[in-house]
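These notes are about the structure you will find just below.
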Amino acid sequence: MKAAVKEIVEGALRRLGIEEGVQVDYPKDPRFGDYTTNVAMVLAGKLKRNPRELAQEVVRAIEHPMVESKEVAGGGFINLRMKKEWWLSAFSHLLRDPQSFGTLDVGTGKRVQIEFVSANPTGPLHIGHGRGAAVGDSLARILEKAGYQVEKEYYVNDAGRQVKVLGESIWARCQELMGREVEFPEGGYRGGYVVDLAKQAMAEFPDLLDSPKEKAIEELTRWGAEEILKGIKGDLEAFGVSFDSWYRERYLYDTHLVNKALEVLREKGLLYEREGALWFASTRFGDDKDRVVKRANGDPTYLASDIAYHALKAKRGFDMLIDVWGADHHGYVPRVRAALQAMGYNANLLQVLLIQMVSLVRGGQKVSMSTREGTFVPLSELLNEVGKDAVRFILLTRKCDAHLDFDVDLAKSQSEENPVFYVQYAHARISSIFRTAQERGISIPSWEEVDLTPLELDEEMAIVKKVLQFPDLIEAIARSLEPHRMTYYLHELSAAFHRYYNHHRVLLENRPMREARMALVKGVQVVVKEGLRLLGVNAPFRM
RNA sequence: GCCCCCGUAGCUCAGGAGGAUAGAGCAACGGAUUCCUAAUCCGUAGGUCAGAGGUUCGAGUCCUCUCGGGGGCGCCA
């Protein structure tokens with residue numbers, strides 16, 4: 001919608017001999033019209049002109065049969081109002097082809113890879129991972145809607161120090177189960193799930209503890225990580241999140257890709273030895289300090305495999321790479337960008353979304369969480385308690401770089417405070433209208449043929465316009481990578497509907513009016529359902 | 001000490017590429033149901049946008065500094 005208006009204004013400028021891109025916005029106050037643009041004020045400085053006079057000129061040059069009114073306001077805003085038929089015809093178009101409404105081509109021909117969750121297979125997912133999953137998955141759906149070809153990937157850290165600590169932790173628990181006293185590993189995982197894994201391991205591999213300690217731990221590491229990964233996959237499935245690929249860090253080592261990547265850096269003279277370790281000169285690409293890629297003991301660091309991994313991603317030919325990380329990894333961003341650049345790729349290829357912490361609030365008290373200490377609430381537990389829809393929706397009600405307090409009691413409450421139900425209820429209510437129509441023997445009109453002109457109330461036109469903003473929203477989210485905007489939009493749209501529902505009746509005797517209103521709420525339903533789908537939330541037919 | 005994020009109504013937070021009179025939900029108070037679902041709606045009240053400078057036609061939004069909260073600064077991930 002915006003794009004069409006933008007074109008109208010740019011056309012007017014061209015008539016004035018000005019070639020310039022224009023920004024068109026929805027004004028916050030409907031009294032200012034349907035669309036507003038600040039071109040005159042922006043250009044005034046550049047052209048040394050009086051903004052209001054310039055605005056007047058532009059207004060005079062705007063010629064379009066669908067523009068109802070055009071005026072200059074304030075310091076030089078140009079406010080436009082479109083004719084009713086312009087809106088209604090767009091709305092009819094939506095009803096004619098609801099599936100493709102909001103589907104854009106801004107990303108057509110572009111491939112995006114989004115890597116998210118990527119939690120180490122050392123313990124079950126918790127709510128923080130859930131936030132990353134909700135953000136990543138919804139963003140993927142929205143980018144796809146905007147026309148991008150999207151690939152979702154989970155990077156499995158199954159080769160580093162952390163999984164080894166998991167193996168050691170399991171081994172220690174096995175020893176304890178045998179009644180042997182051992183020291184629990186430093187920084188080991190103390191969660192109860194490790195004891196469960198130990199019991200399972202002893203049942204499955206009764207001979208295991210007879211083999212040498214190092215060998216046993218190696219076995220347990222490999223096996224334990226796989227077991228936990230199975231659990232993670234199950235949790236994600238229950239959360240409605242799927243991946244196109246699971247990329248293994250171990251694979252990077254098995255195929256020597258890590259060494260090959262380091263070799264490339266060495267050839268470029270970007271590696272050096274100091275104090276027995278191997279360093280990557282990342283400062284040459286804007287990092288604060290150089291980073292170790294191979295420790296003095298010969299073990300590669302996490303960064304080493306990440307250099308190989310990101311170089312490989314870039315090589316796979318994506319037009320954009322998105323990494324969704326916990327905010328505690330923010331210091332890692334310059335390193336990885338440096339690595340990309342050092343390997344010969346454009347660092348801007350990579351967009352990193354940092355997800356801030358989630359605090360669980362129960363009974364007004366914050367619950368502290370730590371994977372190591374085992375004091376976290378698993379995502380699966382929360383899903384059982386609260387339900388997938390509420391969890392996903394609430395995790396997307398904040399922009400991702402802001403802390404989020406997840407109030408369990410509120411999410412569970414089957415009542416008015418719960419923001420999820422408000423939107424779902426709008427969908428259910430509309431379904432109910434159609435159910436009632438059927439019961440009363442009122443025929444459902446064929447949507448593409450309904451005459452919408454009986455819609456005359458301000459509230460009705462407000463709903464029409466709000467619904468038609470949906471494609472612009474998709475574009476804005478795809479550009480800004482801020483999926484939380486969807487929850488706000490859906491809440492606003494639902495509010496407009498609930499208000500209307502409480503003041504006006506749809507199923508009237510007057511057939512033309514009735515059918516126009518049925519078409520109106522049908523349009524709302526289409527968009528609410530699609531918006532919820534993009535968030536991974538169900539749209540129930542009754543509640 | 002250095003880096004990142006945050007600071008907006010009593011609480012939790014929006015503020016869509018600098019725009020016009022700063023919004024929503026909850027909590028508080030007062031109302032609406034012979035009706036297509038009251039998980040809804042209507043109304044009242046609530047603000048030094050942490051503070052101070054700066055950039056400009058215009059700043060909650062951009063820059064600098066101060067204060068406060070969180071996170072990160074490892075041959076951990």
Side-chain angles (χ1 to χ4, degrees), chain A residues 23 25-29 31-32 36 38 41-42 44-45 50-52 73-77 79 120 122 157 160-163 165 187 274-279 288-289 291-303 306 326-334 354 356-357 359 361 364 397-399 401-405 407 410 413-422 424-426 428-437 439-440 442 469 472-473 475-477 479-480 482 484-485 487-489 491-492 494-495 497-508 517-518 521 542-543:
Chain A
Q23 192 189 327
D25 286 308
Y26 291 103
K28 49 180 141 179
D29 191 328
R31 284 185 303 124
F32 296 134
T36 186
N38 60 0
M41 289 182 286
V42 172
N50 176 304
R52 281 193 64 101
F77 290 101
N79 294 336
N120 291 343
T122 53
N157 287 113
R161 169 91 197 124
Q162 292 310 310
V163 280
V165 171
R274 193 174 79 200
E275 293 161 21
L278 191 61
W279 296 71
D288 292 341
K289 43 182 155 179
R291 309 290 171 176
V292 172
V293 288
K294 210 169 248 187
R295 297 177 204 132
N297 69 7
D299 286 349
T301 62
Y302 183 79
L303 180 61
D306 244 6
D328 53 345
H329 287 62
H330 78 84
Y332 218 77
V333 177
L354 296 172
Q356 272 292 353
M357 264 177 53
S359 308
V361 176
T397 53
R398 303 281 174 262
K399 56 177 178 247
D401 51 11
H403 290 231
L404 187 149
D405 284 343
D407 189 326
L410 181 116
S413 73
Q414 295 279 316
S415 71
E416 52 192 353
E417 304 115 67
N418 196 320
V420 191
F421 294 145
Y422 189 84
Q424 289 185 318
Y425 187 42
R429 256 186 164 173
I430 295 168
S431 303
S432 167
I433 294 173
F434 295 131
R435 252 194 323 270
T436 305
E439 282 161 21
R440 293 187 190 168
I442 295 169
Q469 281 184 14
D472 289 332
L473 177 73
E475 185 175 355
I477 293 174
R479 188 190 61 232
S480 64
E482 291 177 344
H484 75 281
R485 291 193 198 175
T487 57
Y488 283 88
Y489 169 80
H491 193 275
E492 286 165 16
S494 301
F497 166 74
H498 284 310
R499 198 175 309 128
Y500 180 70
Y501 180 92
N502 270 275
H503 295 284
H504 307 285
R505 307 193 67 69
V506 173
L507 301 178
L508 303 164
R517 289 187 171 181
M518 287 171 86
V521 299
R542 66 174 86 226
M543 290 173 75

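All values below were derived from every heavy atom in this structure, side-chain atoms included, with hydrogens, water molecules and symmetry-related copies excluded. The sequence lines fix the lettering, A, B, ..., with proteins before strands; numbering per chain opens at 1.
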Can you list everything that forms a salt bridge (charged side-chain N to carboxylate O under 4.0 Å, His left out) with [X]? Sequence neighbours excluded, please.
{"X": "A/Glu475", "value": "none"}
{"X": "A/Asp405", "value": "A/Lys366"}
{"X": "A/Arg291", "value": "A/Asp287"}
{"X": "A/Arg295", "value": "A/Asp299"}

Atom pairs under 3.5 Å: protein N/O with N/O of nucleotides 8-12 of chain B:
from: B/U12; atom 1: O2'; to: A/Arg398; atom 2: NH2; distance (Å): 2.8

Going by side chain to side chain contact (heavy atoms under 4.5 Å, CB included), name the residues that satisfy it together with [X], two or more places apart in sequence or in a different chain.
{"X": "A/Ala428", "result": "A/Met543"}
{"X": "A/Val165", "result": "A/Arg161, A/Glu168, A/Ser169, A/Tyr189"}
{"X": "A/Asn79", "result": "A/Phe32, A/Thr36, A/Glu71, A/Ala73, A/Phe77"}

If you restrict it to nitrogen or oxygen atoms, what contacts under 3.5 Å exist between nucleotides 28-32 of chain B and the protein, and what is each distance?
none

Each nucleotide of nucleotides 56-61 of chain B classed B (base within 4.0 Å of a protein heavy atom), S (only sugar-phosphate) or -, in 5' to 3' order, makes -B----
Across all chains, not counting sequence neighbours, the side chain to side chain donor-acceptor pair (under 3.5 Å) partners of A/Tyr302 are A/Asn157
Its dot-bracket string being built from Watson-Crick and G-U pairs below 3.5 Å, with | for another strand and [ ] for crossing, RNA chain B has the pattern (((((((..((((.....[...)))).(((((.......))))).....(((((..]....))))))))))))....
